[in-house]
> 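Would you mind keeping the following structure in view while I ask a few things?
Note that the structure is a prediction, hence the values are computed from the model and not measured. Just so you know, these numbers use all the heavy atoms, side chains as well, and skip hydrogens, waters and symmetry mates.
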Amino acid sequence: MKNVNPTSDSIKTVLENTPKSTPIVMLNLLKFCQQADYGDSSSGRTGQQAYAEYSKGAIKCVKSAGGELVWAGAPTATLIGPQTEQWDHVLLVRYPSIEAFFAMVESDEYQAIVHHRTAAIDDSRLVPMVEG
């Protein structure tokens with residue numbers, strides 16, 4: 001099963017299990033579509049190109065929420081884990097709190113760009129983490 005966007009159940013679980021008003025780091029594991037899927041064939045963009053378009057606006061939203069990109073890069077291979085689960089891009093993004101993250105994703109500015117992410121991603125993982 002491919003995972004592109006959160007479900008209401010996953011949001012509920014994250015909110016129940018993540019301490020409030022505590023800094024978090026989001027682990028993003030991304031697998032891009034060969035061709036971005038905007039619901040028609042007119043875009044001509046690859047998944048990676050669509051994600052780059054999303055990233056331009058997303059980093060502004062992250063900064064507006066008090067967050068920062070900690071690290072981004074491409075994995076070379078999987079050392080421990082299913083060999084069928086390969087990722088194209090990995091990011092670590094720090095937010096002041098889970099509340100700041102959800103306020104960001106619900107903002108009008110973020111909602112105006114998230115369609116690029118949805119079109120770009122074939123599969124993903126988004127894992128909120130607390131230090132310690």
Side-chain angles (χ1 to χ4, degrees):
M1 180 177 154
K2 307 225 176 190
N3 300 277
V4 177
N5 293 308
T7 65
S8 56
D9 286 343
S10 67
I11 292 170
K12 181 179 181 229
T13 300
V14 164
L15 288 171
E16 289 172 353
N17 291 300
T18 306
K20 306 296 180 253
S21 303
T22 301
I24 61 166
V25 173
M26 289 291 221
L27 168 64
N28 295 256
L29 303 174
L30 307 171
K31 174 84 174 152
F32 299 124
C33 296
Q34 289 292 327
Q35 285 299 127
D37 182 4
Y38 286 95
D40 61 26
S41 59
S42 63
S43 86
R45 291 181 179 161
T46 65
Q48 193 167 7
Q49 290 168 330
Y51 193 82
E53 183 67 25
Y54 161 79
S55 292
K56 286 187 233 174
I59 197 65
K60 292 176 189 171
C61 292
V62 168
K63 288 179 181 177
S64 292
E68 66 176 321
L69 177 64
V70 176
W71 186 89
T76 59
T78 298
L79 187 59
I80 298 175
Q83 294 301 304
T84 56
E85 198 171 86
Q86 300 294 317
W87 303 105
D88 296 322
H89 201 63
V90 177
L91 298 102
L92 296 172
V93 183
R94 181 178 289 116
Y95 295 91
S97 65
I98 195 68
E99 298 94 337
F101 169 77
F102 279 112
M104 180 200 74
V105 298
E106 293 169 359
S107 72
D108 290 341
E109 185 178 13
Y110 184 83
Q111 289 298 310
I113 60 166
V114 72
H115 67 283
H116 294 298
R117 182 187 184 283
T118 300
I121 300 299
D122 182 50
D123 199 8
S124 66
R125 305 291 183 268
L126 184 59
V127 182
M129 304 176 295
V130 294
E131 192 173 328

> Roughly how far, to the nearest 0.5 Å, is the OG atom of S55 from the CD atom of Q48?
10.0 Å
> With no hydrogens and no angle check, is any side-chain donor or acceptor of Q49 less than 3.5 Å from a backbone partner on T46?
yes
> Please report the shortest heavy-atom distance between H116 and A50, naming the atom on each side.
CB-O, 3.5 Å
> Would you give the length of the straight line joining atom CD of E109 to atom SG of C61, rounded to the nearest 0.5 angstrom?
4.0 Å
> Within a strict 4.5 Å, meaning less than it, do heavy atoms of the V90 and N28 side chains meet?
no
> Could you tell me if the side chain of L126 sits less than 4.5 Å from the side chain of F101, heavy atoms only?
yes
> In terms of hydrophobic clustering (I, L, V, M, F, W, Y; side-chain heavy atoms under 4.5 Å; direct or indirect links), are I98 and L92 co-clustered?
no
> Look at the side-chain heavy atoms of Ile, Leu, Val, Met, Phe, Trp and Tyr, link any pair under 4.5 Å apart, and say whether V93 and V14 land in one connected group.
yes
> Starting from V62, can I reach W71 by hopping between I/L/V/M/F/W/Y residues whose side chains sit under 4.5 Å apart?
no
> Taking all non-hydrogen atoms of both residues into account, name the closest pair between V130 and P23 and its distance.
CG1-O, 4.0 Å
> Of the non-hydrogen atoms in G66 and P96, which two are nearest, and what is the gap between them?
O-CD, 3.6 Å
> So which heavy atom on L27 is nearest to which on M129, and how close?
CB-CE, 3.7 Å
> Would you give the length of the straight line joining atom CD1 of I113 to atom OG of S107, rounded to the nearest 0.5 angstrom?
8.0 Å
> Begin from the C-alpha positions of E99 and S97 and carry the test side-chain hydrogen bond (donor to acceptor under 3.5 Å, both in side chains) through to its verdict.
CA-CA 5 Å; E99 298 94 337; S97 65; 3.0 Å; yes
> Where the side chain of D122 meets the backbone of K31, is there a donor-acceptor pair that is under 3.5 Å apart?
no
> Is the backbone N or O of G47 less than 3.5 Å from a side-chain atom of Q35, with the two atoms forming a donor-acceptor pair by type?
no
> Check whether more than 12 heavy atoms from other residues, nucleotides or ligands sit under 6.0 Å from atom CD of E16, and answer yes or no.
yes
> Measure the CG-NZ distance between L15 and K20 for me, rounded to the nearest 0.5 Å.
5.0 Å
> Can you tell if the side chain of Y95 reaches within under 4.5 Å of the side chain of V25, non-hydrogen atoms only?
no
> Taking 4.0 angstrom as the limit, do R125 and E85 come out as a salt bridge?
yes
> Please say yes or no: joined through hydrophobic side-chain contacts below 4.5 Å, possibly via intermediate residues, are L91 and M26 part of one cluster?
yes
> Once you round to the nearest 0.5 Å, how far does OH of Y51 lie from CD1 of I121?
6.0 Å
> What is the minimum heavy-atom distance between S124 and L30, and which atoms define it?
CB-CD2, 3.9 Å
> Evaluate the side-chain proximity of T18 to I24: yes if any heavy-atom separation is below 4.5 Å, no if none is.
yes
> Do I11 and F102 have side chains that approach each other closer than 4.5 Å (heavy atoms only, starting at C-beta)?
yes
> Distance-only, no hydrogens or angles: does the K63 side chain make a donor-acceptor pair with backbone N or O of L69 under 3.5 Å?
no
> Hey, is the main chain of T7 close enough, under 3.5 Å, to the side chain of S10 for a donor-acceptor pair?
yes
> So how far is it from Q86 CD to T78 OG1, rounded to the nearest 0.5 Å?
4.0 Å
> Counting only heavy atoms not in Q83 (residues, nucleotides, ligands), do more than 12 fall under 6.0 Å from its CD?
yes
> Parallel, tilted or perpendicular for Y110 and Y54, by the 30°/60° rule?
perpendicular
